[in-house]
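Here's the structure, in structure tokens; my notes come after.
Position 1 is the first residue of the sequence, and the numbers go up from there. These values consider heavy atoms only, across backbone and side chains, with no hydrogens, waters or symmetry-generated copies.
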Amino acid sequence: MTFHCQNYDIAADRCKRLSGECVPARKGCVLEGRMVVSEELAERIRRINEETTRRSLQQDLSQGK
């Protein structure tokens with residue numbers, strides 16, 4: 001897979017926009033909805049989104065929201 005993204009930090013191998021691992025087309029990515037992804041990548045994106053949601057809910061609970 002080859003692509004160019006202004007948000008990709010080559011030196012750190014991370015996404016500057018999402019402050020984390022670069023996974024093309026994941027939620028919040030500038031490529032989200034603009035490309036077709038393999039089943040393997042779709043599964044990886046699903047797991048990342050679930051983990052992000054889980055962390056957000058834990059933060060809300062710890063803050064009494």
Side-chain angles (χ1 to χ4, degrees):
M1 173 173 59
T2 303
F3 69 96
H4 171 75
C5 180
Q6 66 185 15
N7 298 305
Y8 181 63
D9 183 346
I10 295 171
D13 190 30
R14 297 177 58 81
C15 174
K16 293 184 281 187
R17 180 182 177 135
L18 299 175
S19 300
E21 180 182 7
C22 175
V23 180
R26 74 184 254 202
K27 186 176 181 179
C29 175
V30 296
L31 298 174
E32 179 183 12
R34 296 181 181 195
M35 59 187 269
V36 177
V37 296
S38 67
E39 289 179 21
E40 181 182 340
L41 184 55
E43 177 62 22
R44 187 172 170 199
I45 292 168
R46 185 189 63 76
R47 286 193 313 265
I48 289 170
N49 289 342
E50 285 177 355
E51 181 60 32
T52 302
T53 300
R54 189 176 310 117
R55 269 192 245 126
S56 178
L57 289 173
Q58 288 173 342
Q59 286 176 347
D60 287 351
L61 289 173
S62 69
Q63 295 174 358
K65 291 183 179 181

Applying side chain to side chain contact (heavy atoms under 4.5 Å, CB included) to E32 and not counting sequence neighbours gives K27
Across all chains, not counting sequence neighbours, the side-chain hydrogen bond (donor to acceptor under 3.5 Å, both in side chains) partners of R54 are E51
Once you round to the nearest 0.5 Å, how far does CG of D9 lie from CZ of R14? 9.0 Å
CG on D60 to CD on Q58, rounded to 0.5 Å: 10.5 Å
Starting at SG of C5, measure out to CZ of R17 and round the result to the nearest 0.5 Å. 8.5 Å
Minimum heavy-atom distance between A25 and V37, given as atom pair plus value: CB-CG1, 3.7 Å
Common cluster, M35/L18, ILVMFWY with side-chain heavy-atom separation under 4.5 Å: no
Please, which pairs that meet side-chain hydrogen bond (donor to acceptor under 3.5 Å, both in side chains) have at least one residue in residues 34-48, sequence neighbours excluded? E21-R44, E43-R46, R46-E50
SG (C22) and CG (N7) are apart, to the nearest 0.5 Å, by 9.0 Å
Donor-acceptor check, side chain of T52 to backbone of I48, threshold 3.5 angstrom: yes or no? yes
